[in-house]
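Worksheet for the structure shown next.
Because the structure is predicted, anything quoted here is derived from the model rather than measured. Proteins get letters first, then strands, A, B, ... in listed order; numbering begins at 1 in each.
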Protein chains: 4
Amino acid sequence: MMEKKLGRPRSEETRKAILSAAYEMLVENGFKSITIEGISERAGVSKATIYKWWPNKAAVVLDGFFDATVSMLGIPDTGSVKEDLFIQISSLASFLTSSKGKVLLELIAEGQSDSNVAQEYRNRYFHPRRLISKAILEKAEARHELKKDLDLELLIDLLFAPLFYRLLITGEPVDPFFIERLISYVLIGSESD
Amino acid sequence: MMEKKLGRPRSEETRKAILSAAYEMLVENGFKSITIEGISERAGVSKATIYKWWPNKAAVVLDGFFDATVSMLGIPDTGSVKEDLFIQISSLASFLTSSKGKVLLELIAEGQSDSNVAQEYRNRYFHPRRLISKAILEKAEARHELKKDLDLELLIDLLFAPLFYRLLITGEPVDPFFIERLISYVLIGSESD
Amino acid sequence: MMEKKLGRPRSEETRKAILSAAYEMLVENGFKSITIEGISERAGVSKATIYKWWPNKAAVVLDGFFDATVSMLGIPDTGSVKEDLFIQISSLASFLTSSKGKVLLELIAEGQSDSNVAQEYRNRYFHPRRLISKAILEKAEARHELKKDLDLELLIDLLFAPLFYRLLITGEPVDPFFIERLISYVLIGSESD
Amino acid sequence: MMEKKLGRPRSEETRKAILSAAYEMLVENGFKSITIEGISERAGVSKATIYKWWPNKAAVVLDGFFDATVSMLGIPDTGSVKEDLFIQISSLASFLTSSKGKVLLELIAEGQSDSNVAQEYRNRYFHPRRLISKAILEKAEARHELKKDLDLELLIDLLFAPLFYRLLITGEPVDPFFIERLISYVLIGSESD
DNA sequence: TCCTAATCGAGACGGTACGTCTGGTCTTGAG
DNA sequence: CTCAAGACCAGACGTACCGTCTCGATTAGGA
């Protein structure tokens, strides 16, 4: 019934050193420039140890990223959908446009050719945040701020997709004014009365 | 005053061989698996020749891709915005979900770490298509199908962003039913009267 | 005054398992292919245990070899030097050309870069056998089969060196006919009267 | 009929740099301590280039050794077999006991587990020298210094084997006095009259 | 029966070198 | 001047063993 733990236990210190090294290098020079050899050197750790616990570069880097990006994820609750959404979307936008957020975009890029990576950022990043958005909208629904029977999933897509569209594709700026207009427009069709 | 063209002229045959080789390999195994060495071998061309005319892998591959994807780009004109948009968005969606379209997503991914690539697909792919969308909406405006003073740029973002959001990030399906709901919802706030 | 033997005593079973594993692997695939890791696995023993008792690979392997090659070493005594020598040299030759003997040649090879190894095979293999050869020759001297005041050491070198010369260097065969001629020629200059 | 020589020709400079580096390291620290990586670094050459032209470490090192050890190989001709042999054997002995000669012993060692190596030193080193010994003995035969119908091959084995036997196995010294006695004893059975 | 001390297995770890691969540059001679 | 052929450097890849190191479980004799 009990799991046996034979042999020398895995060093937590080493694990952290690897993840920090990976994350630092990620922020400094971007995903593309990272090498396992570099991580190993920076972390003062043997390459073999890295390969022992992670199958490839993407896996280490993802772990490093999410290990460092454990955030609060509080649900804003001002009493107004618009404000709640503005808070959530703004904070996402300012993260994405920071140097740390750039990394997330690179991981999304990596996910196009590595489905494990895609799986990871969906589960570890997008899914939890989507639940929050949904909670915001459901509360608003309960307060009768919104029409009944709205397609909340579509609504969420409409609220978030443009941020990534601009950052990943068109390169247009994502500023508070844009977010303001975005929320306003998307919610027009959803207001009750 | 005239530019002199001394020596052996550049071989058009060679140029085409390189671009086709690049494109074929792109469709077959994806961007990541492409190597200049592979292209050189497949095209029966020296590596040095490739480097002579393109600065790096991404440049050749982009050229190969856009060289092969010269499409019609007709402006749909059914007399109904919804239908026009449905035609344009559907055809984009079916392209993006095809094996050739997958390549575009990979190029977008590549663009996250190589701004030249980003510049290229913006200018050669997205900009022309955006003009068409704008034309559709402006015609509709002229027909008074839409309210005056709409933020057309925002509208276009809202119509296209969700496709890429789903394909690049969430992995949710992009089917005709989704497109239908998307267009409907986005246009609610824009209809005149 | 007495040595204290505190703690758990060394396991004889383990010692044997290591030596047998080493010897088997030695005969199967040769010295070069042996790894401590392999021995440890095959013997069902921890690497650390091996390093506890032997300083390096060569030491274990040597022990394994000599542990398995404890031979009779009887002194032939037919009454005739030639025959006695023929018996001894032939049996050496047939050992050296067997798969087990090949190992001895590999150990000699190893001895060129590891003086401990050289020391070991000299003391544990060659010295005892040289004493026998000397005994044979001294008996013959006592029987007046040989001249007085012969340089027995030189004689022994001349009798054995060619075997190793052929096996280690020239690759020429070492067969009974060769041994016959060898002994005959070497003893010509040594016969009394 | 003509061999075509397409492409960039192999760099002679690079080839030499590799062989010298290999040889220097061989003499300095012995065969065991040599690494391809070390040679590559010392020669200022890419590892890939080394692997392009030589299949493994032994091959490079052998080439380096024989490239550096191109010797005169004159046939001594004093008119006396004993003296001729003494000259040849002495010069071999002093080579073998020098730091450069130690390398040859290490190559012989390597040859025990790599038959290509064995083949090489037989063809490139031992065979030519054996021909000289034979020439010396044949001249002596022609001068009637030696008996007719002697087994010259055996004679040569007896003259050279003890040197290697002592150096490779017993560790006994190989000095002029020993060589003197060796030659004298071996030739006793061969003198005419 | 408990205590003390050494041995042992399992296996993590920092290293070093392996032999391979690709990117990008350079050198030749033919066209 | 262009091109094919192909040699070359740089540097990361992922693997294999090395020899060292915990950790917990065993196994003796002595208290």
Side-chain angles (χ1 to χ4, degrees), chain A residues 4-15 17 33-41 43-53 55-57, chain B residues 4-11 13-15 34-38 40-41 43-57, chain C residues 4-11 13-15 17 34-41 43-57, chain D residues 4-15 33-41 43-57:
Chain A
K4 304 197 177 190
K5 292 222 173 187
L6 292 178
R8 177 174 176 176
R10 179 173 180 184
S11 156
E12 182 60 16
E13 208 174 337
T14 293
R15 204 193 115 261
S33 77
I34 286 192
T35 62
I36 295 278
E37 209 131 270
I39 295 175
S40 132
E41 199 172 334
V45 146
S46 157
K47 266 205 294 178
T49 301
I50 301 180
Y51 281 111
K52 172 125 226 249
W53 301 106
N56 51 52
K57 192 176 81 170
Chain B
K4 304 200 176 186
K5 293 217 175 189
L6 292 179
R8 178 174 175 177
R10 179 173 180 186
S11 155
E13 208 172 337
T14 294
R15 203 192 118 262
I34 286 193
T35 62
I36 293 277
E37 213 131 78
S40 125
E41 199 174 333
V45 145
S46 155
K47 269 204 296 177
T49 302
I50 301 180
Y51 281 112
K52 173 112 220 250
W53 302 106
W54 290 274
N56 51 49
K57 192 175 81 168
Chain C
K4 304 200 176 188
K5 292 221 174 185
L6 292 178
R8 178 177 177 174
R10 179 173 179 185
S11 157
E13 209 173 338
T14 293
R15 203 192 118 262
I34 287 192
T35 62
I36 294 278
E37 212 132 86
I39 295 175
S40 128
E41 199 174 334
V45 145
S46 157
K47 268 203 298 178
T49 303
I50 301 180
Y51 282 111
K52 173 117 223 246
W53 302 107
W54 291 272
N56 51 51
K57 191 176 82 168
Chain D
K4 304 201 176 188
K5 291 222 173 188
L6 292 177
R8 177 175 177 176
R10 179 172 179 185
S11 156
E12 182 59 17
E13 207 172 339
T14 294
R15 204 193 116 260
S33 76
I34 286 192
T35 63
I36 295 278
E37 211 132 21
I39 295 176
S40 130
E41 199 173 333
V45 146
S46 157
K47 267 205 296 178
T49 301
I50 301 180
Y51 282 111
K52 171 123 225 247
W53 301 107
W54 292 274
N56 52 51
K57 191 176 81 170

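- In terms of position on DNA chain E, the residue among A:Glu12 and C:Val45 whose nearest nucleotide sits closer to the 5' end is C:Val45.
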Please tabulate, one pair per line, each protein N/O and nucleotide N/O from nucleotides 24-30 of chain F that are separated by under 3.5 Å, including the distance.
{"unit_1": "F:dT26", "atom_1": "O2", "unit_2": "C:Arg8", "atom_2": "NH1", "d": "2.8"}

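- At E:dG14, one or more side-chain N or O atoms of A:Thr49 fall inside 4.0 Å of OP1 or OP2 (strictly under the cut-off).
- Ranked by how close their nearest DNA chain F nucleotide is to the 5' end, D:Ala43 and B:Ala43 are led by B:Ala43.
- A donor-acceptor distance shorter than 3.5 angstrom exists from the side chain of A:Ser40 to the backbone of A:Val45, with no hydrogens or angles considered.
- D:Trp53 carries D:Arg10 over the face of its six-membered ring, with the cationic atom under 6.0 Å from the centre and within 45° of the normal.
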So which protein N/O to nucleotides 17-20 of chain E N/O distances come out below 3.5 Å?
{"unit_1": "E:dC18", "atom_1": "OP1", "unit_2": "D:Ile36", "atom_2": "N", "d": "2.9"}
{"unit_1": "E:dC18", "atom_1": "OP2", "unit_2": "D:Ile36", "atom_2": "N", "d": "3.3"}
{"unit_1": "E:dC18", "atom_1": "OP2", "unit_2": "D:Glu37", "atom_2": "N", "d": "2.9"}
{"unit_1": "E:dG19", "atom_1": "OP2", "unit_2": "D:Tyr51", "atom_2": "OH", "d": "2.4"}
{"unit_1": "E:dG19", "atom_1": "O5'", "unit_2": "D:Tyr51", "atom_2": "OH", "d": "3.4"}
{"unit_1": "E:dG19", "atom_1": "N7", "unit_2": "D:Lys47", "atom_2": "NZ", "d": "3.0"}
{"unit_1": "E:dG19", "atom_1": "O6", "unit_2": "D:Lys47", "atom_2": "NZ", "d": "2.7"}

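- Atoms CD (B:Glu13) and P (F:dT2) sit 17 Å apart, rounded to a whole Å.
- The shortest distance between the side-chain N/O atoms of D:Ser46 and the OP1/OP2 oxygens of F:dA10 is not below 4.0 Å.
- Residue B:Ser40 is out of contact with every strand shown, counting any heavy-atom pair closer than 4.0 Å.
- Under the rule for a side chain to side chain contact (heavy atoms under 4.5 Å, CB included), the partners of D:Thr35 that lie at least two apart in sequence or sit in another chain are D:Glu37.
- Toward the 5′ end of DNA chain E lies the nearest nucleotide of C:Gly44, the other residue of the pair C:Gly44 and A:Ser11 mapping further downstream.
- Closest of all the heavy-atom pairs between A:Ala17 and A:Ala43 is O-CB, 3.5 Å.
- In this structure, C:Lys57 contributes its side chain and C:Ile36 its backbone to no donor-acceptor pair below 3.5 Å.
- Counting non-hydrogen atoms of other residues, nucleotides and ligands closer than 6.0 Å to CD of A:Glu12 gives a total above 12.
- To the nearest angstrom, P of F:dC17 lies 12 Å from CD1 of C:Ile39.
- Nucleic acid contact class of B:Trp53 (heavy atoms, under 4.0 Å, all strands): sugar-phosphate only.
- Rounded to whole angstrom, the span from the CZ atom of A:Arg15 across to the P atom of F:dT22 amounts to 21 Å.
- If you measure from atom NZ of B:Lys52 to atom P of F:dC1, you get 8 Å, rounded to the nearest angstrom.
- Taking atom CD1 of B:Ile50 as the reference point, atom P of F:dA5 lies 12 Å away to the nearest angstrom.
- Distance CD1/A:Ile50 to CG/A:Asn56: 12.0 Å, rounded to 0.5 Å.
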